[in-house]
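Since the model is a prediction, treat every value here as computed from it, not as a measurement.
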Amino acid sequence: MAERKARADALRNRETVLAAADRLFARSASPRSVSMDEIAAAAGVGKGTLFRRFGDRTGLIRAVFEARIEPLRQAVAEGPAPLGPAAAPRERVPALLDAVLCFKLDHRHLSLALEEAGSGSPYQGAHYAWWHGILRESLERLWGTEGAEGGAGGAGKGAAAPGGDFAAHVLLAATRADLIEQLVGRDGMTREGMRAQLAAFVGRVLGEGRTP
């Protein structure tokens with residue numbers, strides 16, 4: 001009983017820390033300005049507790065990000081169309097990118113904090129590799145099928161097949177948090193405006209509207 005209560009208390013304390021960090025990043029003008037001292041004070045724990053549980057500031061940011069994005073990851077891994085694995089690739093690719101964009105719009109400063117943490121490169125993160133793999137697989141399914149059939153989005157006879165690996169990187173780059181911060185935070189683009197721009201860009205990459 002005591003052990004079960006201790007585990008429940010640990011989980012509750014962990015969520016308290018994650019929620020406090022999430023709030024501070026959301027309120028901050030610059031993610032770099034949020035310190036471990038501030039997070040510890042907001043969560044009502046000692047700074048040493050944060051380092052023991054999360055390792056360092058980057059580990060804490062990653063934990064907050066992963067906790068918040070987990071429902072979306074579950075929808076992609078196991079859910080129904082258009083996000084889930086049973087969706088047709090031409091339907092799934094735009095839906096995946098729109099979902100990532102909406103998540104980063106809703107968690108703008110948290111996403112930016114994660115991209116700025118550590119080496120500053122998103123390509124080294126496990127979360128990025130996961131999304132890139134899902135997108136690459138969907139693109140290869142799309143272009144492989146349509147290319148074989150000579151469809152609108154395929155390479156067609158005698159043409160080079162598009163590279164799913166490269167295209168997945170390019171498409172994900174359009175959802176980078178620093179780009180979102182520039183367009184929304186500085187240039188004043190609206191949420192719906194950015195979603196529309198991304199949808200149009202994805203459509204061009206996928207070859208929508210082309211004729212065989």
Contact between [X] and [Y] at the side-chain level, heavy atoms closer than 4.5 Å - yes or no?
| X | Y | value |
| --- | --- | --- |
| V76 | W130 | yes |
| L11 | E15 | no |
| C102 | L72 | no |
| R108 | V184 | yes |
| L60 | R57 | no |
| L96 | S138 | yes |
| D165 | L139 | no |
| H109 | V34 | no |

Quick check: is [Y] connected to [X] through a chain of hydrophobic side chains (ILVMFWY, heavy atoms under 4.5 Å apart)?
| X | Y | result |
| --- | --- | --- |
| M194 | L198 | yes |
| Y128 | L112 | no |
| L101 | V202 | yes |
| L135 | W131 | yes |

- Task: Working to the nearest 0.5 Å, report the span between CH2 of W143 and CZ of R90.
- Result: 9.5 Å
- Kindly compute the distance separating CZ (R68) from CG (L114), expressed to the nearest 0.5 Å. 13.5 Å
Check for a donor-acceptor pair, side chain of [X] on one end and backbone N or O of [Y] on the other, with a separation under 3.5 Å.
| X | Y | value |
| --- | --- | --- |
| S28 | F25 | no |
| D56 | T58 | yes |
| R92 | P82 | no |

- Task: Fit a plane to each ring of F65 and F103, take the angle between them on a 0 to 90° scale, and name the class: parallel (under 30°), tilted (30 to 60°) or perpendicular (over 60°).
- Result: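 Answer is perpendicular, since the angle exceeds 60°.
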- Between R195 and E192, does a salt bridge (charged side-chain N to carboxylate O under 4.0 Å, His left out) hold up when you go through it step by step? CA-CA 5 Å; R195 291 181 68 192; E192 291 309 313; 3.3 Å; yes
- Message: Determine whether R191 and D106 satisfy the following criterion, salt bridge (charged side-chain N to carboxylate O under 4.0 Å, His left out), listing intermediate values before the conclusion.
- Response: CA-CA 10 Å; R191 177 190 184 92; D106 291 338; 2.8 Å; yes
- Salt-bridge criterion met for E116 and R176 (N-O under 4.0 Å):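 Not counted as a salt bridge, because no side-chain N and carboxylate O are separated by less than 4.0 Å.
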- Query: Less than 4.0 Å between a side-chain N and a carboxylate O, is that true for R27 and E38?
  - Reply: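 Judged by the 4.0 Å cut-off on N to carboxylate O distance, E38 and R27 do not form a salt bridge.
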- Message: Within the supplied structure, the quantity of interest is the number of heavy atoms (other residues, nucleotides, ligands) at a distance under 6.0 Å from Q197 CD; does it exceed 12?
- Response: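 For Q197, atom CD is not crowded (no more than 12 foreign heavy atoms under 6.0 Å).
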